[in-house]
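Excluded from the calculations below are hydrogen atoms, water molecules and symmetry mates; all remaining heavy atoms, backbone and side chain alike, are included. Counting convention: from 1, in listed order, for ligands and their atoms alike.
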Amino acid sequence: MANASLQRLAASQITLEIMALLSILNYPDKRLHKVAKPVPEVNDRIRRLVADMAETMYAAPGVGLAATQVDVHERVIVIDVSETHDELLAFINPEIVWSSDERKLSEEGCLSVPGIYDNVERAEKVRVRALNEKGETFELDCEGLLAVCIQHEMDHLMGHVFVEYLSPLKQTRIKSKMKKLAHAM
Ligand code: K1U
Ligand code: ZN
């Protein structure tokens, strides 16, 4: 193959690798209820997953994404709650090691339940331990939107969607709205 064609092929492959947008599962998809498995090793496959999840989250747009939502059932979360969208946090094998007794009601949304926002009560502050993209352990004290978001994403890894905190009547209405939306598309 000519050198110019090879360069174009290489460039297009690089672009594809950088820009992989993943499909987000929509509630009430059963796959959202799978329990994610721990990541055995932080390697290039996991770093690629983090990069693709970040692209997908920023494009949605959203402030968080759990691997479960893109049908990957491994314990990986990305979050960026900064106003400038340039403070990406990746949490691999995250654990909540401390939660405050104080609880707070906050409005939540979910990229897997588009158009639905409702109040959920959660711990006001949490401390999370996780691995970063280099496989190093770190701990982070979270409050405000970051605390809400990390708890919401940890629920996803356990197969839970925030609407499960709402009344049975609301859940039924949301399910039927989402099914209608899916059929209309
Ligand atoms: O898990 C998800 O589906 C992502 C979700 C995270 C979240 C947000 C708010 C409270 C709890 C959890 C979202 O990102 S929903 C979309 C959203 O909040 C948003 C969208 C655009 C700009 C800013 C926020
Ligand atoms: Zn969500």
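Counting protein heavy atoms only, atom 20 (C) of ligand 1 is closest to Pro61 O, 3.2 Å. Looking from atom 6 (C) of ligand 1 to the surrounding protein, the closest heavy atom is Glu153 OE2, 3.4 Å. Protein heavy atom closest to atom 4 (C) of ligand 1, with residue, atom name and distance, is Gly64 O, 3.0 Å. Of all protein heavy atoms, the one lying nearest to atom 7 (C) of ligand 1 is Gly109 O, 3.7 Å. When hydrogens are left out, the protein atom nearest atom 10 (C) of ligand 1 is Glu108 CA, 3.7 Å; that is the closest non-hydrogen contact. Residue, atom and distance of the protein heavy atom nearest to atom 24 (C) of ligand 1 are Val63 CG1, 3.7 Å.
Using modelled atom types, one finds no donor on one side chain facing an acceptor on the other under 3.5 Å when comparing Ser100 with Glu124.
When the shell of 6.0 Å around CZ of Arg173 is examined, it contains 12 or fewer heavy atoms from other residues, nucleotides or ligands. Surrounding CD of Glu107 are more than 12 heavy atoms belonging to other residues, nucleotides or ligands, all under 6.0 Å away. Within 6.0 Å of CD on Glu143 lie no more than 12 heavy atoms contributed by other residues, nucleotides or ligands. In Asp101, the CG atom is not crowded: 12 or fewer heavy atoms of neighbouring residues, nucleotides or ligands sit closer than 6.0 Å.
Ion pair Asp52/Arg48 flagged as a salt bridge, since at least one NZ, NE, NH1 or NH2 atom sits closer than 4.0 Å to an Asp/Glu carboxylate oxygen.
When only interatomic distances are considered, the shortest N/O to N/O separation between Leu145 and ligand 1 does not fall below 3.5 Å. On a distance-only criterion, Glu107 and ligand 1 share no N/O pair closer than 3.5 Å. Taking only nitrogen or oxygen atoms, main chain and side chain alike, Leu111 reaches within less than 3.5 Å of ligand 1. Polar contact check, Tyr117 against ligand 1: no nitrogen or oxygen pair lies under 3.5 Å apart.
Centred on the Zn ion (ligand 2), the SG atom of Cys110 and the NE2 atom of His156 lie at an angle of 110°, reported to 10°.
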Practice task
Go through the steps to decide whether Leu146 and Leu89 satisfy the test side-chain contact (heavy atoms from CB on, under 4.5 Å), and finish with yes or no.
Solution key: CA-CA 10 Å; Leu146 179 57; Leu89 297 168; 3.9 Å; yes
Handout entry: Thr137 and Arg129: CA distance, side-chain angles, deciding distance, side-chain contact (heavy atoms from CB on, under 4.5 Å) verdict
Key = CA-CA 7 Å; Thr137 301; Arg129 183 184 298 149; 3.7 Å; yes
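Between Tyr58 and His85, the angle of the ring planes goes over 60°, which puts this pair in the perpendicular group of the 30/60° scheme.
Proximity of atom 22 (C) of ligand 1 to the protein is not indicated, since no non-hydrogen protein atom lies closer than 4.0 angstrom.
The closest approach between Ala66 and ligand 1 stays at or above 4.0 Å for every heavy atom of the residue.
Here is the list of ligand 1 atoms found below 4.0 Å of a heavy atom in Gln69: 1 (O), 2 (C), 3 (O).
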